[in-house]
There are 2 protein chains.
Amino acid sequence: MENIIKILQKYNIQPSYQRIKILEILDKKREHMNVNMIYDELSKEIPTISKATIYNTVNAFVEKGLVNCLTITPEEARYDFDITPHHHLLCKKCGKIIDVHVKCPYTESMEIDGHRIEEIRGYFKGICKECLSHETL
Amino acid sequence: MENIIKILQKYNIQPSYQRIKILEILDKKREHMNVNMIYDELSKEIPTISKATIYNTVNAFVEKGLVNCLTITPEEARYDFDITPHHHLLCKKCGKIIDVHVKCPYTESMEIDGHRIEEIRGYFKGICKECLSHETL
DNA sequence: TTATAAAATTATAATTATTCCAATTATGGA
DNA sequence: TCCATAATTGGAATAATTATAATTTTATAA
């Protein structure tokens with residue numbers, strides 16, 4: 001809690017009750033949640049919370065560089081509190097989005113083909129390790 | 001035209017007039033069009049064309065592996081007739097989506113971290129070469 | 001404290017992308 | 001040509017997101 005407030009302040013985001021709670025959830029549940037998942041989870045604790053607040057908040061978080069927005073699925077945006085460089089796999093079977101820590105030859109500070117790179121997103125689709133192991137039963 | 005029909009047949013898609021025209025446009029204008037761009041362009045030639053047809057058609061193309069669906073922007077899907085492995089850059093200044101041909105250490109047939117990989121998408125965001133050159137004026 | 005201005009939250013309406021569905025039209029083969 | 005099937009169409013339905021205006025909360029200064 002105190003920790004979350006410090007993080008918000010570090011990123012120049014005024015800590016409010018809902019902002020703290022939203023970031024806490026993103027921190028606790030690292031499952032690349034979308035707005036509805038955050039809303040369903042938070043509604044239990046804050047029944048009056050509005051989806052508009054969640055949209056405003058995650059947009060602010062992304063703008064300030066505190067969380068990353070993932071567009072691996074075309075349906076909706078997902079949010080990732082882990083901003084260290086890594087990629088993602090969408091499992092076509094279980095639907096989970098899983099962190100993939102592979103060596104990536106590119107970094108945000110480099111130029112590629114003459115273009116200046118500021119963000120890198122690597123998305124894989126396939127079958128995750130766990131689903132593969134069930135397949136062989 | 002004949003060529004386009006052959007491609008459709010090769011991918012087991014019954015060639016219809018609108019399907020041919022949609023693929024022709026994706027072939028001619030390699031600018032990673034979205035559904036609205038295709039619709040605006042095609043309406044000139046086929047005033048009765050429906051957006052539902054375009055959605056049906058591009059979805060079929062993607063399903064059959066004839067074109068790739070890009071989700072680099074969260075707003076809408078974009079379609080790429082070039083299915084050879086390459087990545088994309090979204091220029092934050094001009095908004096263009098540009099092909100990036102860089103060496104990628106991963107291929108669709110490999111396993112990563114124990115996961116089976118079937119699709120790979122690499123998205124970069126930054127400033128494209130051309131916008132950079134204008135910047136220095 | 002209290003007053004007040006600014007910021008955050010909320011509910012709702014509006015927008016936009018996409019899918020669904022039922023009716024119509026086009027197509028390929030007997 | 002006729003018929004069965006597939007494709008197209010328009011419009012309604014759904015879902016994600018943004019915009020807006022009113023209300024509530026917060027920060028700060030008197």
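In what follows, every heavy atom counts, from backbone to side chain, and hydrogens, waters and symmetry copies are set aside.
Comment: A/Lys129 does not engage B/Glu111 in a salt bridge, judged by the lack of any side-chain N to carboxylate O separation of less than 4.0 angstrom. With salt bridges taken as basic N to acidic carboxylate O contacts below 4.0 Å, one links B/Glu135 and A/Arg116. Using a 4.0 Å cut-off between a side-chain N of Lys or Arg and a carboxylate O of Asp or Glu, B/Lys92 and A/Glu119 qualify as a salt bridge. A salt bridge is defined here as a Lys NZ or Arg NE, NH1 or NH2 lying under 4.0 Å from an Asp or Glu carboxylate O, and B/Glu31 with B/Lys96 fails to meet this definition.
For B/Met37 and C/dT18, the CE to C1' distance is 18 Å, given to the nearest whole Å. In this structure, CZ of A/Arg19 is placed 11 Å from P of C/dT10, rounded to the nearest angstrom. When the P atom of C/dG28 is taken as reference, atom CD1 of B/Ile13 falls 16 Å away, rounded to whole Å. In this structure, CG of B/Asn12 is placed 14 Å from P of D/dA6, rounded to the nearest angstrom. Between B/Asp40 atom CG and C/dA17 atom P there is a gap of 11 Å when expressed in whole angstrom units. A straight line from NZ of B/Lys21 to C1' of D/dT8 spans 17 Å, rounded to a whole angstrom. Between B/Tyr39 atom OH and C/dT18 atom P there is a gap of 15 Å when expressed in whole angstrom units. If you take CD of B/Gln14 and P of C/dT27, they are 10 Å apart, rounded to a whole angstrom.
Between the side chains of B/Asp80 and B/His88, at least one donor N or O lies within less than 3.5 Å of an accepting N or O. Checking A/His101 against B/Asp113 by side-chain atom types alone, no donor-acceptor pair falls below 3.5 Å.
For C/dA8, the OP1/OP2 oxygens have no side-chain nitrogen or oxygen of A/Asn56 closer than 4.0 Å. Neither OP1 nor OP2 of C/dA7 sits under 4.0 Å from any side-chain N or O of A/Ser16. Distances shown here put a side-chain N or O of B/Asn59 below 4.0 Å from the OP1 or OP2 atom of C/dT19. Contact annotation: A/Asn36 side-chain N/O to D/dA16 OP1/OP2 distance is under 4.0 Å. The shortest distance between the side-chain N/O atoms of A/Gln18 and the OP1/OP2 oxygens of D/dT25 is not below 4.0 Å.
Without hydrogens or angle criteria, B/His115 side chain to A/Cys128 main chain gives no donor-acceptor distance under 3.5 Å. Between the B/Ser43 side chain and the B/Tyr39 main chain, a donor and an acceptor come within less than 3.5 Å of each other. Of the possible donor and acceptor atoms, one in the side chain of A/His86 sits under 3.5 Å from a partner among the backbone N and O of A/Thr84.
Looking at which nucleotide of DNA chain C each of B/Pro15 and B/Asn34 is closest to, the 5′-most match is held by B/Asn34.
Within residues 41-55 of chain B, the residues that have a heavy atom under 4.0 Å from DNA chain D are, in order of number, B/Thr48, B/Ile49, B/Ser50, B/Ala52, B/Thr53. For residues 68-82 of chain A, proximity to DNA chain D is found at A/Glu75, A/Glu76, A/Ala77, defined as any non-hydrogen atom under 4.0 angstrom from a strand atom.
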